[in-house]
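Worksheet: the structure to be examined is printed underneath.
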Amino acid sequence: MNLVLTGPPGAGKGTQCRRLVEKYGLTHLSSGDILRVEMNAGTELGELAKKYIDQGQLVPDEIVIKMMVGAIVKSGYNYLLDGFPRTSNQALQLDKSLEGDLSVEAVIVLEVADERVIDRLSRRRICPVCSRVYDDLSLRPIRDGHCDSDGALLVQRSDDKPDVIKKRLETYHERTAPVIEYYEKTGVKMAKIDGSLNVDQVASGVSAFVESLSI
Ligand code: AMP
């Protein structure tokens, strides 16, 4: 099973991905996570990506496509794409680069209104050591402001600041919403799920769809 999970920033993609990985043993490939690892390591790719990420802009297609196709080929089938493809060109190039067992089989769209996204993201905090994400929705730290696993002081992602969130949402509507139209045209199986429900309700909608794929 090869899946794409998409939706606006703050839709709960990361949380639902963790559940899908646990339940179905998929390999989680998050373009944002891969770029942040590069940024934290100070690689050439990371330095380049940071310029775009900190402004809420998309990293250029050619860089991300190469990076993600490489990650998919390395992981093999049974993957779950998170945050990629984010433009219709990325979706098209992905389809051209993958065939057979590695092709995208189904797309899950988490739908959440802009006001809810702004509210969720401005309260999100991340552990700079283990990258665990804390928010009111899925996980609250036991000790306020500190990571449950390593005690590190939680920080706000540089792109979760209000003006950058606004820009990311604009970018989503302009450039990522067309990815959904792209997949609708190709006829790939798709589920649109209300991401404003609570985590368990969203997860059961996602699971019902995933299980319908193997029937
Ligand atoms: P995310 O963690 O998915 O919210 O991604 C954080 C940031 O990384 C985005 O706002 C973009 O700047 C960049 N990014 C992640 N995935 C992609 C992608 N598929 N294409 C272009 N830029 C991306």
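Both ligands and their constituent atoms are indexed starting at 1 by order of listing. Predicted model, so just to flag it, every value in this text is computed and none were measured.
The contact shell of ligand 1, taken as protein residues with any non-hydrogen atom closer than 4.0 angstrom, comprises Ser31, Gly32, Leu35, Arg36, Ile53, Gln57, Leu58, Val59, Val64, Gly83, Phe84, Arg86, Gln90, Arg157, Asp159, Arg168.
For the atom pair Phe84 CZ and Leu35 CG, the distance stands at 10.5 Å (nearest 0.5 Å). The structure places SG of Cys127 at 6.5 Å from OH of Tyr134, a figure rounded to the nearest 0.5 Å.
Nearest heavy atoms, Val164 versus Asp54: CG2-O, 3.7 Å. The minimum heavy-atom distance linking Leu94 with Tyr183 is given by the pair CD2-OH, 4.1 Å.
A salt bridge (Lys or Arg N to Asp or Glu O under 4.0 Å) with Asp160 is found for exactly one of Lys167, Arg124, Arg120, namely Arg124.
Without hydrogens or angle criteria, Asp82 side chain to Leu29 main chain gives no donor-acceptor distance under 3.5 Å.
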